[in-house]
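This report refers to the structure that appears directly beneath it.
By convention in this document, chain letters (A, B, ...) are assigned in the order of the sequence lines, proteins followed by strands, and residues within each chain are numbered from 1.
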Amino acid sequence: MSDDTAGTTKPRSAFDPLPDELDFPSMERRMLDLWAAEDTFERLRKKNADGPRWSFFDGPITANNPMGVHHAWGRTYKDVYQRYRAMRGYHQRYQNGFDCQGLWLEVEVEKDLGFNSKRDIEEFGLEAFADACRERVEKFSGVQTRQSVRLGQWMDWDDSYFTHSDNNIEHIWHFLRRCNERGWIAAAQRAMPWCARCGTALSQHELIDTYEEVEHDAVYVRLPIHGRADTWLLIWTTTPWTLAANVAAAVHPDLTYVEVAADDGRYLLAEAAMSAVFGEGAEVVARHQGADLLDLTYDGPFDDLPAVSRVTHRVIPWTDVGADEGTGVVHIAPGAGEEDFLLGQDLGLEVLVPIDENGNYTDGYDWLTGRDAREVADDVVAHLRRRGLLYRHHTYTHRYPHCWRCHEELVFRVDDEWFIRADEVRQPMLDAAATVNWTPEYAGARMADWLRNMGDWNISRRRYWGLPLPFYPCRSCGHLTVIGSKAHLEERAIAGMDQLRELHRPWIDRVTIRCESCEAPTKRIDAVGDAWLDAGIVPFSTLGYLQNSEEFENWYPADFITEMREQIRLWFYSMLFMSVTIQNQSPYQSVFVYEKLNDETGRAMHKSWGNAIDFGEAAERMGADVMRWLYAGHNPLYNINFGYGPATEVKRRMLTLWNVYSFFVTYARLDGFDPTAPRIPVAERPDLDRWALSRLQGLIDTMTASLDDYLVYRGVQAAQEFIEELSNWYVRRGRRRYWKSDSDDDKQAAYQTLYELLTSLVRLLAPVMPFWTDDIYQNLVRRADPDAPSSVHLTEWPEADDALRDSALDAAMALAQQVVRVGRAARNSANVKLRQPLGSALVRVADDADWDAVMSLRSHVLDELNVKELRRMTSEHELVDYQVRPNYRALGPRFGRQVRQVAAALAALDAPAAVRELDDLGSLHIELEGATETLEPGDLDVRRTPREGFGVAEQDGVIVAIATEIDDELAHEGLARELVHATQGLRRDAGLEVSDRIHLWLDGPAPLHETLAAHRSEVAAEVLAVQVNKGEPPESAAEATPTLNGIPVKVRLTRS
RNA sequence: GGGCUCUUAGCUCAGUCGGUUAGAGCGCGCCUCUGAUAAGGGCGAGGUCCGUGGUUCGAAUCCACGAGGGCCCA
C-alpha cells in the first residue's frame, strides 16, 4: 500500500477478510445452507426455463447400499456437464434415477433377514418379502440422495424415478408386447450358468469377471465298452456330480486313439493323452481313428440309478475335443453343461437334468436325490470306487465361475428360459450405435463388437422382487398372450384384479386372464425379468412415452449419458435394444465412459480388504470440491487411484489459488478497492496485465472445448497450469504494484486485472468446484455489487474476447521466463545468493527478434535475476564449449551409411573454429573420402556447454552468463536487502499486520553504518519504518540478532 | 481358444513422423526465494525403455517370437 494511506480514511472495502486457512468441509456446508436458503437451484431452473433443451438421462444407481466413492466419480461427471450446460443457458430435466428391483436387491434383503435360500423367502411370504424390498429401496434411496447433495450434485431430487414403479413396469410390458408382435419372444430349454443358492440362472453378462481359481476333485472314470471284455473307455471330469447325467462320450474323429494294456484290461484313450495318464512306456495294443469308434456303446457310470437306467450311452463325434487335458474322450452330460447341451441338441441326445433349481438332485437319482450337487464329490468318488469304475482321482486347480452376488460356485443346468431373439434387431442396433458420438472412441468399437456377438437376450429370472414378465402361455391352445399395459391386463382379466395392489409378485400372480386366442383361463409364468430391462426402459418410462407424447418428443433422445465402461454391455446395451425396437433409433447421441476406481496403491477397493473408502468420510475429510477436482482432472482412459494421498496433492494445488485469492483480498481491503469503479482500458494497462488477460482467453478456449467434447480433464489440467502461473509469475511479478505503485492508475489496473482474472476463473471452475467457486464469488462479486446474480452458478459462462489475445506477448513472456530460469541456474552454479544484487547478465538467444522480445520485458528479467543490466552475448566463445554434431534427421537421408563417417569427421574438427567458420561463411566444409562436402547450418546440431566456474547456464539454446563480481556498492546494496529481509522476518514473527508502521533500531559494526548511510531511506521505506533510530529501544521491542553477509547485526523494532 | 491393449525412474505416467544425450509430477538429498504462500525456484541422486532376434546409417518407437499384466469375446 502506498504511504499516503497512513492516517487517512479509505472507503470501506466490499470484501470480507479470509480465515487463516481454507477448510473445505465447513465451507461446503455453509454453501449448501446458502443454496437451500436462497433456492439457488430453483432460480437456475427458472432462469433457463425458456432456453434451448439439453437432455441428459441418469443411469439408475442401485438403491441398495450407501453410495461408494466410485459412484461419486460418475456423479461428478454428470454434475459437471449439467452445470456447464446450465451456465450456457440450457433448459434441463435434472432427473435422478434409482434401480430398485432385481436379484441384487433381493440378495441384500435376504442377508438382512438372515435367509439362506429361496425356501426361506417362500416361508416368510412373498408379500412380506416384497415389503421388505420396498423398504430397503426407500431407506437407501434416501441415503444416496443425501450423499449426492453433499457431493454438490444438483438434481430435482423430489422427481427421482424408481424402476419398481408401475409406470416403469408398464413401459417394459409395452416393449415386450412389441417384441412378441415381431415374433421375438421365445421360451427354450437352455443350459445356463446357474446359482443354486440364488436359485436362478445368470445371463452371459453376469458371468463376466466372476472366474476365480478353485480346487476341485477331478476323476478319471473307466466305463466298460459293450462287447469288449475288460476294455474300458477312459474319461476325465472336474465336475463329478455331472456324471449321473452322462449320456455320451465324445471323441475327435481325426485324432488317433489307442488301447493301452494294463493289469486289469485295456484302456481306450487318445494317443496324445497317453503319456500324461499312464506315463512313458505304456504298452499300446491297438490303434484306432476317432471316427472308427463312433458306433461303440458303453455302460454309464450311474446306470444303477432309475433315472439313468434306460439311457443308451454312445460314443459320439465332436471336433472341439482336445487331448491337452483329460483323456481325449469327453464326458457329455447335456443337462448339466453348456457345450454338452448344444452338442446334444445337434445330435439329438437325451437330456437328463439331475438337479433342481436349488442344486439338489431330483427324483430318480436314488441315494443322491435331495442332496446338494456341490457337496457330493467325495461320495461320488467312493461310489465309483466301490463299483470298480474309478481309475484315479486327484485335486485339480482351475478357474471356475462364481455367482457375482453371493460368491457361490456356479453349476450348469438346463432349464426353460425366456428369451428375446436378437438376430433381427442386431443390424438396426449396429446402425443406431454407429450414429452415436462415443468418448473415448474405442467405446463405440466395444459396443459394435458386443452387438455382433450378442446372443438372444435371456430375460427370465426365477425370483420374486422384480419385473413380472407379462407372459401368459395358454395351456389349451398353446398361444402366448403378452400383456402390454395395465389397461390391457384389466381388459383380459377374469380374476384377481381386486387384489392387485401393485405390479409385483405375489399380487400379480393372483390375476387370471383369458387367452387372446381361445379365451381359456390362463396364468402368468412365475418368472420375473432381468433388471437390465428395468434400466433400459428409462428413456421411455421417465418421459411418459405411453402417456405424454409432447414430453417424449422434447427430451428424446438424450444429448448425453455417462457411466462406467462396463455399462456398454449392460445399460447402454439394454437401452439401445429397447429403443431400437420401439423407435428404431439410438436413445443417446453422445456417450462418455470412464474406467475403474482403485485405492491409491492401484488395488481394487473391497470392503472385506479394508481398503474401501466411505463416501461420507471422504467428503468430510478431503472436501467434496477436492474430490470432484480429483475426479474431473483424471484422464478417463485410465483407472483412477483414489485416496487421501492424491487428495492432499490436489489440496496443495487449491492452496495456490487460495493464496492468490487471499493476497488479493488482503490488499484490496487495505486499499478499499472498488470493483464497480470505471475500468482502465486494457490497452493502457502494463504488459503483465495484458499478458495475464491474454492467457485467460486461452484458458477459456481450452475449458470450453474440454466441456463441449466431454473431456473435462483437459480443462482442469489447463486450469491447474493457469493457477500456477497466476501465482508464481503474475502475482509474484506484480505484487509491489499493490502497495508501492508508480501511479494510481497502475495500481488500479493491477487490482482490476487480478479481480477480472479471479472472477473469470471462478466461473470457469464453477462446474467442477461448485462450492468454493461460489464462496469466492459471494465475497468478490456479490458483496461488492448487490445487483449481481446471487450465485456464480447463475452467471453466464465466460466468452473469450479476441481483442484481449496477444500471442506475441505470450511468446515474449515465455522467453523472458526461460531467461529467468536459466539465469537463476547460472547464479546458482556460481553460488551467489539471489538476494545479492549483481552487475550484469549476458544473454544469448536465437535471433534479433527474440532479443527484442526479452528486452521488451527487461524489467521483469532484471528484477527476477537481481542484476543491474542485461546485455546481449556477442562473443560466447570464452564462456562455452562447443560440440558440433550431425543433425541425423537431415544428414541420415543424404548420406545413408556414410553418416557415420560424417559424424567422425565432425568430431575431429576444432569445434570453436568450425562454429566460427559456420558463423562467418554460413556453411561448413568437411573432407569425406577425398571429396569435400558442404554442410548447411540445418545439417548440424551445435551444442553449447557452459564452461565451469563462470556462472553460466544453458537450456534449449538460451544461455545466460552472470558477472559474479561484487564491488563495494553492490555489497552495500546486498547488505541493505539482507537488512530488509531480516526486518520483515522479525515483523512477521512479532505478529505485525502488513500495514503496520514501525520504529526500527539497527546496530552492528562499521560496514553496517556505511550501508545505512547509503541506503537508510530505502530500507526504512521497504519495512514501513517511520524512523530508523539510534540509541536504545524500549524493553518491549522485538529483537533479532542475525549474521548478515558475515556481519553480526542486532535488529529491534516496535509498532509505531 | 480367439481378438485388442499395455509393460519406460521408488510410485503415477509423457515420449509426435524412427534421429543417436528418454522426460514430467510425486517422493528423496543439497541449495535458494518469500511484504500472500504449509507454496515457489535451482541442482542432484535414481533407467537393462520386459526379454530375444530382425529391419535400418540410426530403434523406447517398426517387424517377429517369447514373458508378464489388463480388457473384450468364446
Side-chain angles (χ1 to χ4, degrees), chain A residues 1 18 20-22 204-205 207-209 320 322 324 338-339 442 445-447 449-450 452-455 565-566 568-569 595-596 598 600-602 634-635 637-641 645-646 648-649 651-667 670 717 720 723-725 727-729 731-732 735-736 738-740 754 817 820-829 831-836 864 866 883 885-903 941 943 945 953 955 977 980-981 983-985 987-988 992-996 1022-1024:
Chain A
M1 62 193 294
L18 303 190
D20 289 342
E21 63 184 89
L22 174 57
Q204 34 167 332
H205 38 256
L207 212 58
I208 289 163
D209 295 335
D320 281 359
D324 296 339
E338 200 169 18
E339 291 170 307
Y442 74 80
R446 278 282 153 78
M447 177 59 96
D449 189 50
W450 172 258
R452 276 191 292 269
N453 289 300
M454 72 173 166
R565 192 185 59 187
E566 62 188 10
I568 291 170
R569 59 185 164 78
E595 294 293 316
K596 287 190 175 154
N598 294 324
E600 59 187 272
T601 67
H634 182 76
N635 183 344
L637 278 173
Y638 299 98
N639 292 343
I640 191 167
N641 293 350
T648 304
E649 216 173 293
K651 232 177 201 161
R652 208 162 48 211
R653 294 213 173 91
M654 296 302 102
L655 199 61
T656 307
L657 179 56
W658 167 261
N659 291 329
V660 174
Y661 170 46
S662 156
F663 172 86
F664 174 83
V665 170
T666 301
Y667 289 99
L670 284 175
Q717 286 172 6
Q720 269 166 198
I723 290 168
E724 291 290 318
E725 263 192 303
S727 171
N728 295 321
W729 191 258
V731 173
R732 176 188 167 86
R735 49 152 73 109
R736 293 177 74 84
Y738 298 85
W739 64 81
K740 222 176 190 49
L754 188 50
Q817 288 173 324
V820 168
R821 220 168 20 246
V822 175
R824 276 204 285 246
R827 288 190 66 122
N828 211 304
S829 72
N831 237 333
V832 184
K833 279 186 179 183
L834 199 46
R835 212 176 294 132
Q836 173 62 54
E864 286 290 314
N866 198 14
Q883 207 184 354
R885 302 165 52 89
N887 176 5
Y888 286 98
R889 204 187 279 263
L891 296 181
R894 176 169 155 196
F895 289 99
R897 189 176 300 274
Q898 283 184 306
V899 81
R900 287 184 178 161
Q901 281 132 281
V902 176
D941 175 10
R943 297 190 183 188
T945 322
Q955 183 199 38
R977 285 195 57 164
V980 169
H981 179 67
T983 307
Q984 302 291 22
R987 282 183 61 115
R988 182 186 305 193
L992 271 61
E993 298 292 325
V994 292
S995 53
D996 286 336
E1022 282 294 313
V1023 301
L1024 299 185

Between [X] and [N], is there a side-chain N or O to OP1/OP2 distance below 4.0 Å?
| X | N | answer |
| --- | --- | --- |
| A/Lys596 | B/C71 | yes |
| A/Arg885 | B/U21 | yes |
| A/His981 | B/C33 | no |
| A/Arg652 | B/A38 | no |
| A/Tyr667 | B/A36 | yes |
| A/Arg732 | B/A39 | no |
| A/Arg988 | B/U37 | yes |
| A/Arg977 | B/U34 | yes |
| A/Arg821 | B/G41 | no |

Work out how far the [atom1] atom of [N] is from that of [M], and round it to whole angstrom.
| N | M | atom1 | answer |
| --- | --- | --- | --- |
| B/A45 | B/G29 | P | 16 Å |
| B/A64 | B/G23 | C1' | 30 Å |
| B/A38 | B/C49 | C1' | 37 Å |
| B/C63 | B/A24 | C1' | 31 Å |
| B/A74 | B/G3 | P | 15 Å |
| B/G2 | B/G66 | P | 11 Å |
| B/A60 | B/U56 | C1' | 16 Å |
| B/G40 | B/C26 | P | 7 Å |

field: Backbone N/O of A/Ile723 and side chain of A/Arg653: donor-acceptor pair under 3.5 Å
entry: no
query: Any donor-acceptor pair under 3.5 Å joining the side chain of A/Arg735 to the base of B/U37?
result: yes
task: Check whether the side chain of A/Ser727 and the base of B/A36 form a donor-acceptor pair under 3.5 Å.
output: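 Donor-acceptor pair under 3.5 Å: yes.
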task: Counting Watson-Crick and G-U wobble pairs only, both distances under 3.5 Å, name the nucleotide matched with B/C71, or none.
output: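 The base-pairing partner of B/C71, which may sit in any strand shown, is B/G3.
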message: My understanding is that a pair needs two contacts under 3.5 Å, Watson-Crick or G-U wobble. By that rule, which nucleotide pairs with B/A24?
response: B/U12
- line: Of A/Asp449 and A/Asn641, the one whose closest nucleotide on RNA chain B sits nearer the 5' end is A/Asn641
task: Considering non-hydrogen atoms only, spot the tightest contact between A/Arg835 and A/Arg827 and give its length.
output: N-NH2, 4.5 Å
Please report the distance, rounded to the nearest Å, between [atom1] in [X] and [atom2] in [N].
| X | N | atom1 | atom2 | value |
| --- | --- | --- | --- | --- |
| A/Trp658 | B/U37 | CH2 | C1' | 12 Å |
| A/Arg889 | B/U61 | CZ | P | 16 Å |
| A/Asn598 | B/G69 | CG | C1' | 13 Å |

task: Could you check which of B/U32, B/C73, B/G42 has an atom nearest any side-chain atom of A/Leu834?
output: B/U32
Salt bridge flag under 4.0 Å for residues A/Glu1022 and A/Arg977: no
